[in-house]
Amino acid sequence: MSDKTIILDINKNILKKEKYKRYTENSLLQVIIKENGKDIDLTNYTAKVYFELPDKSILNFPCDIVDNKVNINLTSDLFLNKGNVYFEIILNNSIQKVTTFITCLEII
């Protein structure tokens, strides 16, 4: 298992690549969401992640928010082929919808 934590600032559109080995078994990616360097309070938000696989197919599923971190369970389906797996997180509450910039898992 290869658990990682990354920080995404929704105001800094910098493509981040996280490397994973092909055929990695299920692992957890924790994402801390910030805005201009400050933590966003994710209380009352729901999260969903969208993945684009190297073959251009799309996977999406809900994510848990625990201790103000978005927990993405990375299933083995994401690690079948070498290449870039792009993803973005959509956060919703009763007032607004926030989308992170596209981030990348590089499958090597």
Are any non-hydrogen side-chain atoms of [X] and [Y] less than 4.5 angstrom apart?
{"X": "D41", "Y": "N68", "result": "yes"}
{"X": "N81", "Y": "I107", "result": "no"}
{"X": "V70", "Y": "T100", "result": "no"}
{"X": "T103", "Y": "V31", "result": "no"}
{"X": "Y20", "Y": "L29", "result": "yes"}

When you measure from the side chain of [X] to the backbone N and O of [Y], does any donor-acceptor pair fall under 3.5 Å?
{"X": "D9", "Y": "N36", "value": "yes"}
{"X": "T24", "Y": "F79", "value": "no"}
{"X": "N73", "Y": "C63", "value": "no"}
{"X": "D3", "Y": "S27", "value": "no"}
{"X": "D67", "Y": "K69", "value": "no"}
{"X": "N84", "Y": "Y86", "value": "no"}
{"X": "K82", "Y": "P54", "value": "no"}

Membership question, hydrophobic clusters at under 4.5 Å side-chain separation (ILVMFWY): are [Y] and [X] in the same one?
{"X": "I65", "Y": "I72", "answer": "yes"}
{"X": "L91", "Y": "I40", "answer": "yes"}
{"X": "I10", "Y": "F101", "answer": "yes"}
{"X": "I32", "Y": "I102", "answer": "no"}
{"X": "F61", "Y": "L42", "answer": "yes"}

Please name the pair of heavy atoms, one in K19 and one in K4, separated by the smallest distance, quoted to 0.1 Å.
->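 In terms of heavy atoms, the two residues are closest at O-NZ, 2.5 Å.
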Return the minimal non-hydrogen interatomic distance between L78 and L74, and the atom names on each side.
->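 Scanning both residues completely, I find the closest heavy atoms to be CD1-CD2, 3.7 Å.
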Residue pair L105, F51: steps toward the side-chain contact (heavy atoms from CB on, under 4.5 Å) verdict | CA-CA 10 Å; L105 306 177; F51 289 100; 4.0 Å; yes
Counting heavy atoms not belonging to N44, are there more than 12 under 6.0 Å from its CG?
->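 Not buried by this count: 12 neighbours or fewer within 6.0 Å.
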More than 12 heavy atoms from other groups under 6.0 Å of CG on D55 |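 Check passes, neighbour count above 12.
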Go through V98 and I33 one step at a time and tell me if the side-chain contact (heavy atoms from CB on, under 4.5 Å) criterion holds.
-> CA-CA 10 Å; V98 178; I33 309 287; 5.8 Å; no
Looking at [atom1] of [X] and [atom2] of [Y], how far apart are the two atoms once the value is rounded to the nearest 0.5 Å?
{"X": "F87", "Y": "I58", "atom1": "CZ", "atom2": "CD1", "answer": "13.5 Å"}
{"X": "T46", "Y": "I90", "atom1": "OG1", "atom2": "CD1", "answer": "10.0 Å"}
{"X": "K97", "Y": "N92", "atom1": "NZ", "atom2": "CG", "answer": "5.5 Å"}

Between N71 and Q30, a side-chain donor and acceptor under 3.5 Å |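 Side chains of N71 and Q30: pair found under 3.5 Å.
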